[in-house]
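What follows is a short report on a single structure.
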Amino acid sequence: MASSLNMPLFHRATFRAHHPLFTRFWQSAWRAWQSQKARFTGLAIFLIAVVLAQLLVQVLLNVWNRNFFNALERKDGHALWVQAEMFLPLAACSILLAASSVWGRMTTQRGWREALTHRVLDKWLENERFQRLNHHMVKGSENPEYRIVVDIRIATDAPIDLALAFFSSIITSITFFGVLWSIGGAIEVEPFGWSIRIPGYLVFGVIIYSSVVSALMIFFGHHLTGIIERMNQSEAEFRAAADAFRSDTDQEPKISGAEKRETVQLKLRAVLLWWREFCWQLVRTTFVSHANFLFSPVVAWFLCAPKYLAGSMSLGELTQAAAAFVVVQGAFNWLVDNYQRVADWRSSAHRVATLLLALDELEAQERAPAAQH
């Protein structure tokens, strides 16, 4: 069934529709943030400070890695014990900062979700709009309860995580580019008998490798956002169909049990259909992400091996450069690591925005008679 859908056309139409929806989502999300500006600003400063401290510890661990393996290469037992003693406080700082980051992120996420949920709930409950909300007004505004409970949570959780990861990726890349440039230095290659000197070859190597991995992730996962959106919608519709068994009222036409059972079965089929599409998308993107996990350190070792074998790079410098290569590659491939999270956020932000647009339309209808008078 899913194969009969024109998925590329669906994705393009979804992408075009998202632009005004994202604008509408950010209008409300930003106002919710501004409602507790002092608190959220303090938390943001705290999180940035934690990221900078984590980077400092990461740099110190990278230097420790070089010194440890240099001592190992020299078979210097005393130096190894000194490095072991230095590792303990560095590890303790790293653990403490990681725990602090979790507290700061989740506190910010909880507060932002609370503020935005209050705004949407007030808009939804005002003048009993929840009773007059008709999903035919704005396509995709069905199951508003699910959007308020689930989609607002995802739409406020993800931006905090993604923004912090992006900020960390930028400053980590800049810092460790310097490590790669200084340790790797230049390399001489002789293709077809020509001698070419490449300065900072490890920096160029990590940029090329990361660009290839990012391009592959985009290629294999470009349908993911649309599929997640349809999957979330089908889950909400399945839940609503199941709730219909115990939600009959005198104002609603009675529906037979057989009809309800058939509706639930159809909604379940839709859920499983889109889940299968989601599964195949994850299979494709996992090929890229797991291959990157395996190949990244190996590529770094092979790039460093010629200088190590030539005696111009020590074992400690080789491990330091390889570790820096993996760190930069991981930072540079922010999109690869967060592609599914970005798709989840886009889907939820889109669903929250469609509900807000439907409520905007109801509010405009309420104001129309007053304007006429």
Side-chain angles (χ1 to χ4, degrees), residues 50-101 168-191 195-210 212-213 290-334 337:
V50 169
V51 170
L52 294 174
Q54 286 177 315
L55 176 61
L56 175 61
V57 172
Q58 196 172 22
V59 171
L60 293 175
L61 284 170
N62 184 257
V63 174
W64 177 90
N65 196 52
R66 179 194 65 196
N67 295 336
F68 179 85
F69 279 95
N70 278 338
L72 190 65
E73 186 179 32
R74 297 192 308 267
K75 297 182 174 62
D76 188 339
H78 175 71
L80 284 174
W81 277 112
V82 170
Q83 293 303 315
E85 291 174 355
M86 292 181 62
F87 177 77
L88 292 176
L90 289 174
C93 288
S94 181
I95 294 169
L96 179 62
L97 289 170
S100 300
S101 177
S168 177
S169 296
I170 292 175
I171 61 174
T172 300
S173 297
I174 294 172
T175 301
F176 281 90
F177 272 154
V179 174
L180 289 176
W181 190 279
S182 62
I183 295 177
I187 191 172
E188 297 281 346
V189 295
E190 297 182 356
S195 180
I196 301 176
R197 186 174 185 274
I198 305 175
Y201 77 102
L202 289 179
V203 172
F204 292 107
V206 74
I207 291 174
I208 294 171
Y209 175 81
S210 301
V212 170
V213 174
H290 195 71
N292 176 55
F293 170 77
L294 294 174
F295 278 93
S296 177
V298 175
V299 170
W301 295 333
F302 272 97
L303 287 174
C304 295
K307 300 200 72 173
Y308 175 72
L309 295 175
S312 58
M313 182 181 286
S314 68
L315 178 62
E317 289 173 332
L318 182 146
T319 56
Q320 183 187 14
F325 184 97
V326 173
V327 169
V328 172
Q329 190 275 325
F332 202 78
N333 277 338
W334 173 87
D337 295 333

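For clarity, every value in this text was computed on a predicted model and none was experimentally measured. Numbers here are sequence positions counted from 1.
Looking at S210, its side chain never comes within 3.5 Å of a backbone N or O of I207 through a donor-acceptor pair. For the pair S312 (side chain) and K307 (backbone), a donor-acceptor distance under 3.5 Å is present. At distances below 3.5 Å, at least one donor-acceptor pair connects side-chain atoms of W64 with backbone N or O atoms of Q83. Judged by distance alone, the side chain of E73 and the main-chain N or O of L315 form a donor-acceptor pair under 3.5 Å. Of the possible donor and acceptor atoms, none in the side chain of S94 sits under 3.5 Å from a partner among the backbone N and O of L90. Under the 3.5 Å distance criterion, the side-chain polar atoms of Y201 are matched with a main-chain donor or acceptor of L303.
Side-chain contact between M313 and C304 is present, with at least one heavy-atom pair separated by less than 4.5 Å. Taking the side chain as every heavy atom from C-beta outward, T172 and V327 approach each other to under 4.5 Å.
Atom CZ in F69 sits 10.0 Å away from atom CG in L80 (nearest 0.5 Å). One finds the OG atom of S168 at 9.0 Å from the CG atom of L52 (value rounded to the nearest 0.5 Å). Summarising the geometry, atom CZ belonging to R66 is positioned 6.5 Å from atom CD1 belonging to I183; distances are rounded to the nearest 0.5 Å. Between S182 atom OG and F177 atom CZ the span is 13.0 Å, to the nearest 0.5 Å. Put simply, OG1 on T175 and CG on L180 are 11.5 Å apart, with the number rounded to the nearest 0.5 Å.
In terms of heavy-atom proximity, Q54 sits nearest to S101 at NE2-CB, 4.2 Å. When all heavy atoms of N292 and Q329 are compared, the closest pair comes out as OD1-NE2, 2.7 Å. Contact detail for R74 and A79: the closest heavy-atom pair is NH2-CB, 3.9 Å. Contact detail for F204 and P199: the closest heavy-atom pair is CE1-O, 3.1 Å. Here the closest non-hydrogen pair linking A324 and F176 is CB-CD2, 3.7 Å. Closest heavy-atom contact between S296 and Y209: N-OH, 3.4 Å.
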Could you go step by step and tell me if L202 and W181 meet the side chain to side chain contact (heavy atoms under 4.5 Å, CB included) rule? CA-CA 7 Å; L202 289 179; W181 190 279; over 6 Å; no
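Just one residue in the list N67, N65, N62, N70 forms a side-chain hydrogen bond (donor to acceptor under 3.5 Å, both in side chains) with Q320, and that residue is N62. When each of V50, L97, I174, I171 is paired with L55, the side-chain contact (heavy atoms from CB on, under 4.5 Å) condition holds for I171 and for no other.
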